[in-house]
Amino acid sequence: MLENTFCHFPGIGLKTEAKLWNAGVLTWDDLEKDAPAGGSWPVGPGRLATARSLLDACRTALDAGDARVFYRDLPPQEQWRIFPHFRHSAAYVDIETTGTGCGMDHITTIALYDGREVKTYVHGRNLEDFVDDIAAYDLLVTFNGKCFDVPFIEREFNCTLDQAHIDLRFVLKAAGIGGGLKKVEHQLGLSRGDLDGVDGYWAVLLWKEFEATRDETVLETLIAYNVEDVIALELLAATAFNLHLERTPFAHRRLDTPLPGLNPFAASTAVLDTIRRRYFY
DNA sequence: GAAGTGGTTTAACGAGCCCT
DNA sequence: AGGGCTCGTTAAACCACTTC
């Protein structure tokens with residue numbers, strides 16, 4: 001999709017890009033050919049020359065796996081186009097915390113999924129390893145991570161996550177699927193089994209319970225919930241990409257919807273019942 | 001070459017929304 | 001419940017191109 005993208009070039013917005021597509025200029029290679037059928041370019045010679053001068057840099061960035069070039073230059077509502085090109089180096093990330101509001105909050109667990117393997121990080125054990133591990137990826141995929149997860153991580157670890165970042169909250173909203181993560185999953189017909197109805201507030205309660213009891217089953221239930229979130233992100237990213245693709249001339253290049261990854265952690269129904277009884281009845 | 005047009009960019013602001 | 005970020009909107013300025 002990036003090779004069909006022109007709206008990241010200076011002076012070319014979505015309208016001009018659509019005109020190029022309509023004129024049969026569909027790829028970067030087409031941009032270097034003679035004028036399209038009809039004899040004239042839907043963009044002036046100055047902007048055409050600028051775009052042409054940037055083609056090599058774009059090709060190099062694509063080959064080198066540098067997603068940041070496109071992330072920087074694409075309009076925010078078009079950053080979904082990055083996904084298939086850098087999917088092999090994507091990290092689906094979600095954090096759980098002790099809550100929000102009092103300023104003393106900290107991260108309790110982090111889940112990182114790369115489409116193959118799940119990694120988890122726990123406060124007081126291996127949480128700091130996350131900073132080194134995440135640096136290996138070129139693309140972050142989160143839900144509301146631009147507003148919550150990434151600022152929280154950067155504050156807590158005093159670091160900067162400078163990867164390209166697809167925040168599915170905004171991407172899905174622009175595709176007509178709004179709401180929180182659980183609502184989005186529900187709209188797409190996804191189910192979480194035992195963890196249906198469990199939300200971020202439960203993660204706060206589960207951590208509180210774990211700190212009080214040091215019961216590993218409680219911790220595993222929290223991690224299972226955390227991991228379930230990141231596994232779902234891959235499916236949501238592919239779905240969001242396909243929804244946006246349908247609005248372009250390239251709808252035939254849909255991505256296959258990935259099978260849900262295997263969650264190596266299991267939520268305990270006994271633990272969930274305990275939390276339910278204690279806090280919700 | 002001047003005027004007009006359409007498109008893009010930029011900045012400021014506020015609202016909305018989702019996270020735990 | 002609070003925090004915080006992004007996005008959308010709007011308006012103005014700018015740019016490139018077209019038309020005469």
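Numbers restart at 1 for each chain; the letters A, B, ... are given by sequence-line order, proteins then strands. Keep in mind it's a predicted model, so treat the numbers as computed, not measured.
- Rounded to an integer number of Å, the gap from A:Asp229 CG to B:dC18 P is 15 Å.
- Taking atom CD of residue A:Glu96 and atom P of nucleotide B:dC18, one finds them 17 Å apart after rounding to whole Å.
- In this structure, the CG atom of A:Leu20 is 13 Å from the C1' atom of B:dG7, given to the nearest Å.
- Residue-environment remark: NZ (A:Lys146) exceeds the threshold of 12 foreign heavy atoms within 6.0 Å.
- Using a 4.0 Å heavy-atom criterion, one finds that A:Gly179 contacts the sugar-phosphate atoms exclusively.
- Contact annotation for A:Asn226: no contact, since no heavy-atom pair falls under 4.0 Å across all strands.
- Annotation: of the two residues near DNA chain B, A:Gly180 and A:Leu14, the 5′-most nearest-nucleotide partner is A:Leu14.
- Taking the side chain as every heavy atom from C-beta outward, A:His106 and A:Thr97 never approach each other to under 4.5 Å.
- Taken over five-pair windows at either terminus, the axes of the helix from B:dG1-C:dC20 to B:dT20-C:dA1 are inclined to one another by 30° (rounded to 10 degrees).
- Ring orientation note: the planes of A:His244 and A:Trp80 are close to parallel, at an angle under 30° on the 30°/60° scale.
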Do A:Arg116 and A:Asp114 pass the salt bridge (charged side-chain N to carboxylate O under 4.0 Å, His left out) test, and can you show the C-alpha distance, the side-chain angles, and the key distance before you say yes or no?
CA-CA 5 Å; A:Arg116 300 169 291 274; A:Asp114 61 11; 3.6 Å; yes
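- The cationic group of A:Arg68 does not satisfy the cation-pi geometry with A:Phe70, failing either the under 6.0 Å distance to the six-membered ring centre or the 45° limit from the ring axis.
- Checking A:Ile95 against A:Lys173, the closest nucleotide of DNA chain B that is more toward the 5' end is the one next to A:Lys173.
- Residues A:Ile107 and A:Tyr121 fail the side-chain proximity criterion, which asks for heavy atoms closer than 4.5 Å.
- Under the 30°/60° scheme for interplanar angles, the aromatic rings of A:Phe241 and A:Phe83 are found to be tilted.
- Among the candidates A:Ile95, A:Ile153, A:Thr120, the single residue satisfying the side-chain contact (heavy atoms from CB on, under 4.5 Å) test with A:Phe130 is A:Ile153.
- As a whole-Å value, the separation of A:Asp73 CG from B:dT10 P is 11 Å.
- As rounded to whole Å, 16 Å separates atom P of B:dG16 from atom CG of A:Asn144.
- Within a 6.0 Å sphere centred on CG of A:Asp256, heavy atoms belonging to other residues, nucleotides or ligands number 12 at most.
- Spacing between atom CH2 of A:Trp202 and atom P of B:dC18 amounts to 21 Å, rounded to whole angstrom units.
- Atom CZ of A:Phe6 is separated from atom P of B:dT8 by 14 Å (rounded to the nearest Å).
- The separation between A:Tyr201 atom OH and B:dT20 atom P is 14 Å, rounded to whole Å.
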Heavy-atom protein contacts under 4.0 Å, nucleotides 5-15 of chain C, coded B base, S sugar-phosphate only, - none:
BSS--------
